[in-house]
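Count residues from 1 along the sequence. The shown structure was predicted, so the numbers you read here are calculated from the model rather than taken from an experiment.
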Amino acid sequence: MIEVLLFAHLRDGVGTAKLEINTESLTVEQLKDKLVHDFGLPDLDRVMVAINEEYASNQDQIKNGDTVALIPHVSGG
């Protein structure tokens, strides 16, 4: 199981701050595609991703037991 933490508009869009994805492994890009498809989230290309509190790229592998945070960019002054 992979735990996915959602923040800001992503949390609001899904209606929860945490999801559990039952899979052994997948890439960050595959996870983004799954979340867009399964939960109707908007395009996640501009969202920062951290795996176990380390920033990750779309090619990084997520494994069973990992915690992934999807962090939208914040704007403001």
Side-chain angles (χ1 to χ4, degrees):
M1 178 188 69
I2 295 168
E3 184 175 77
V4 180
L5 306 177
L6 304 167
F7 298 93
H9 71 280
L10 301 175
R11 177 188 58 220
D12 296 340
V14 174
T16 184
K18 183 171 37 173
L19 296 171
E20 295 176 349
I21 307 294
N22 286 317
T23 187
E24 288 299 314
S25 77
L26 69 171
T27 65
V28 168
E29 186 170 21
Q30 290 170 325
L31 174 65
K32 288 178 175 179
D33 290 344
K34 180 172 182 57
L35 294 174
V36 168
H37 180 266
D38 292 356
F39 296 97
L41 288 173
D43 183 10
L44 297 175
D45 284 346
R46 301 186 71 197
V47 172
M48 296 187 315
V49 177
I51 303 171
N52 299 326
E53 300 183 10
E54 299 275 336
Y55 285 112
S57 70
N58 281 341
Q59 292 74 38
D60 285 332
Q61 197 73 32
I62 306 166
K63 299 179 295 287
N64 186 18
D66 285 345
T67 298
V68 179
L70 299 180
I71 308 157
H73 288 278
V74 177
S75 63

Original post:
Do you know the tightest heavy-atom contact between T16 and L6?
Top reply: O-CD1, 3.7 Å
Original post:
How long is the span from the CG atom in L70 to the CG atom in L19, to the nearest 0.5 Å?
Top reply: 8.5 Å
**OP:** Working to the nearest 0.5 Å, report the span between CG of L44 and CG of L31.
**Re:** 8.5 Å
Original post:
According to the salt bridge (Lys or Arg N to Asp or Glu O under 4.0 Å) rule, which pairs have a member within residues 42-52, sequence neighbours left out?
Top reply: none
Original post:
Taking only residues at least two apart or on different chains, which pairs with a member in residues 3-26 satisfy salt bridge (Lys or Arg N to Asp or Glu O under 4.0 Å)?
Top reply: E3-K18
Original post:
K34: what forms a salt bridge (charged side-chain N to carboxylate O under 4.0 Å, His left out) with it, not counting sequence neighbours?
Top reply: D38
Original post:
Is it true that L5 and I71 fall in one hydrophobic cluster, defined by side-chain heavy atoms closer than 4.5 Å?
Top reply: yes
Subject >> Transitive ILVMFWY side-chain link I21 to V36, under 4.5 Å >> reply: yes
Under the side-chain contact (heavy atoms from CB on, under 4.5 Å) test, residues paired with [X] that sit two or more places apart:
| X | result |
| --- | --- |
| S25 | Q61 |
| V28 | K32, V49, I51, A56, N58, D60, I62 |
| P72 | F7, A8, H9, L10 |

Subject >> Partner residues of N52 under the side-chain hydrogen bond (donor to acceptor under 3.5 Å, both in side chains) criterion, sequence neighbours left out >> reply: D66
**OP:** Could you pull out all residues at least two apart from D33 that satisfy side-chain hydrogen bond (donor to acceptor under 3.5 Å, both in side chains)?
**Re:** none
